[in-house]
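Working notes, beginning with the structure itself.
Hydrogens, waters and symmetry mates are skipped; everything else that's a heavy atom, side chains included, is used. None of these values were measured; they are calculated from a predicted model.
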Amino acid sequence: MRISQLQTKQSNRVNIEELHALNSAYGQRLSGKDLIFLIGYPAFIIGGLVFLMTYVWWAVVIAVLSGLYLGYKIILPQTVARRYETQSFLARNKFLTLMTQVMEDHSRTVDQSLQMVAKRLDGELQIELSQLIAALNVGSDPQRVSELLKALGQKYRTDLFFGQYLDQLETILQEGKENVEALQEILTYHNKVLEKMNEFRRIKDTLWAGVKIMTIAFLGMILLMHAASYIMTGNLDQYIQGFAHHFIGYTIAAICSVSFFFIFKKFFRDYFDDSVTELEVRTKK
């Protein structure tokens, strides 16, 4: 799910209620602790660094507001979106795995298999499958079943192999010809996508560890300057007057603060971009 889907068209603001709904699709609503941490953490880090560099209250206020913006506009919605996408993909993978295993028994029909599998699922996908099962049981209207399958495939259109799996189920329902081998092949590809996605995220987690090390190293350098001032004079006046409140200190603080903000902003946008399962066709105009 793209993050633009979590913003209202009128104000382009993140809709907290939509985030609650998205987070509860496979879990619980966002807690106050989640909101405070995801929004407040970047404000605390950026504000703290600026405070230690400048000891100027208005600069700290600007830094805190910048951190709140970063948390509210990027980290919070992207974290919820990734959590949802991960849980949703795992639910679809579990569905494909269970459905393929059940369909290996040729004595079972598709609707019987769906009923068995749906009981072992949870969350949003279980509800969607329940609607499909109801359509199969009530009159078995082929057109209605086809519409539900297409709607389900359209909703998860970025998951190409899930869509192909639904197409195979529709073919079985319409023609009555089972092709378990095709289902197994699609499941194999879906498992490979899951492995690739996990590998992709492990690489990103390594990069995130590098960003944290960079931040800690920068903080350590500032604290060493504080320590040097205290050791030489017994207080922090030399650091504050000789560096923090000096033109050079203001310049370095401004460059570092702005750089950190844009580094974090760019990093988190890339960190949460998990378009492994998407196929984009771009045409040149």
Side-chain angles (χ1 to χ4, degrees), residues 1-8 12-16 18-19 22-23 27 30-31 33-54 59-90 158 193-225 250-280 282:
M1 176 174 289
R2 292 300 184 188
I3 203 59
S4 58
Q5 293 176 254
L6 302 178
Q7 297 172 336
T8 59
N12 198 36
R13 294 178 181 176
V14 175
N15 190 317
I16 297 297
E18 289 184 7
L19 291 178
L22 199 63
N23 198 69
L30 285 168
S31 66
K33 183 178 178 180
D34 288 333
L35 292 173
I36 292 172
F37 178 78
L38 293 172
I39 297 175
Y41 182 74
F44 174 77
I45 295 297
I46 298 176
L49 288 174
V50 171
F51 171 75
L52 290 174
M53 284 191 292
T54 66
V60 176
V61 170
I62 294 174
V64 169
L65 291 176
S66 299
L68 290 174
Y69 170 86
L70 188 65
Y72 177 72
K73 292 286 287 185
I74 298 177
I75 297 177
L76 170 64
Q78 295 282 12
T79 299
V80 174
R82 169 181 273 197
R83 187 181 300 165
Y84 167 80
E85 289 167 357
T86 300
Q87 293 170 332
S88 178
F89 191 89
L90 290 174
T158 57
V193 172
L194 179 59
E195 292 173 4
K196 188 68 176 178
M197 184 173 67
N198 290 333
E199 178 185 351
F200 191 43
R201 289 183 177 177
R202 282 194 294 270
I203 293 172
K204 288 188 174 185
D205 288 339
T206 301
L207 297 176
W208 171 227
V211 171
K212 288 191 286 187
I213 291 173
M214 178 191 70
T215 305
I216 293 172
F218 185 74
L219 176 61
M221 182 182 68
I222 297 174
L223 293 177
L224 281 175
M225 294 173 67
Y250 285 140
T251 302
I252 293 176
I255 293 173
C256 291
S257 301
V258 173
S259 298
F260 261 93
F261 175 80
F262 284 105
I263 287 172
F264 283 145
K265 184 178 180 182
K266 177 65 166 60
F267 173 80
F268 281 117
R269 285 194 184 279
D270 293 340
Y271 180 77
F272 288 113
D273 183 13
D274 295 329
S275 53
V276 179
T277 63
E278 296 183 17
L279 177 64
E280 298 181 358
R282 301 177 181 177

| task | Quick one: closest heavy-atom pair of Pro77 and Leu19, and the distance? | result | CA-CD2, 3.8 Å
| task | Might you point out which heavy atoms bring Phe89 and Met197 nearest each other, and give the distance in Å? | result | CD2-CE, 3.7 Å
| task | Measure the shortest side-chain to side-chain distance between Phe268 and Gln78 over non-hydrogen atoms and say whether it is less than 4.5 angstrom. | result | no
| Identified side-chain contact (heavy atoms from CB on, under 4.5 Å) counterpart of Ile39 within the set Asp34, Ile75, Leu68 | Leu68
| said: Give me the atom names and distance for the closest heavy-atom approach of Gly67 to Ile46. | reply: CA-CD1, 4.0 Å
Under 3.5 Å, side-chain donor or acceptor atoms of residues 252-264 against the rest of the protein: list the pairs with distances, not counting sequence neighbours.
from: Ser257; atom 1: OG; to: Ala253; atom 2: O; distance (Å): 2.6
from: Ser259; atom 1: OG; to: Ile255; atom 2: O; distance (Å): 2.6

| task | For Tyr41, check ring-ring contact (aromatic ring centres under 6.0 Å, His included) against everything at least two apart and list the hits. | result | Phe37
| task | Apply salt bridge (charged side-chain N to carboxylate O under 4.0 Å, His left out) to Lys266 and list each qualifying residue two or more places apart in sequence or on a separate chain. | result | Asp270
| task | State, yes or no, whether a side-chain contact exists between Arg201 and Thr86 at a heavy-atom distance under 4.5 Å. | result | yes
| Shortest non-hydrogen contact from Val50 toward Ala63 | CG2-CB, 3.4 Å
| said: Looking at every heavy atom in both Ala81 and Leu22, which two are closest together, and how far apart are they? | reply: CA-CD2, 4.0 Å
| message | Test of understanding: with side-chain contact (heavy atoms from CB on, under 4.5 Å), list the residues that count as partners of Ser88, not counting sequence neighbours. | response | Tyr26, Tyr84, Arg92, Tyr156
| With Phe51, which residues qualify under ring-ring contact (aromatic ring centres under 6.0 Å, His included), at least two apart? | Tyr55
| message | Nearest 0.5 Å, please: how far is CD1 in Ile45 from CG in Leu70? | response | 11.5 Å
| remark: When every non-hydrogen atom of Val64 is compared with those of Gly47, the smallest separation belongs to CG2-CA, 4.0 Å
Enumerate, atom names and distances included, each donor-acceptor pair closer than 3.5 Å involving a side-chain atom of residues 205-222, sequence neighbours excluded.
from: Asp205; atom 1: OD1; to: Tyr271; atom 2: OH; distance (Å): 2.6
from: Thr206; atom 1: OG1; to: Arg202; atom 2: O; distance (Å): 3.0
from: Thr215; atom 1: OG1; to: Val211; atom 2: O; distance (Å): 3.0

| Asn198 side chain to Leu194 main-chain N or O, any donor-acceptor pair under 3.5 Å? | yes
| query | When rounded to the nearest 0.5 angstrom, what distance separates CD1 in Ile74 from CZ in Arg269? | reply | 4.0 Å
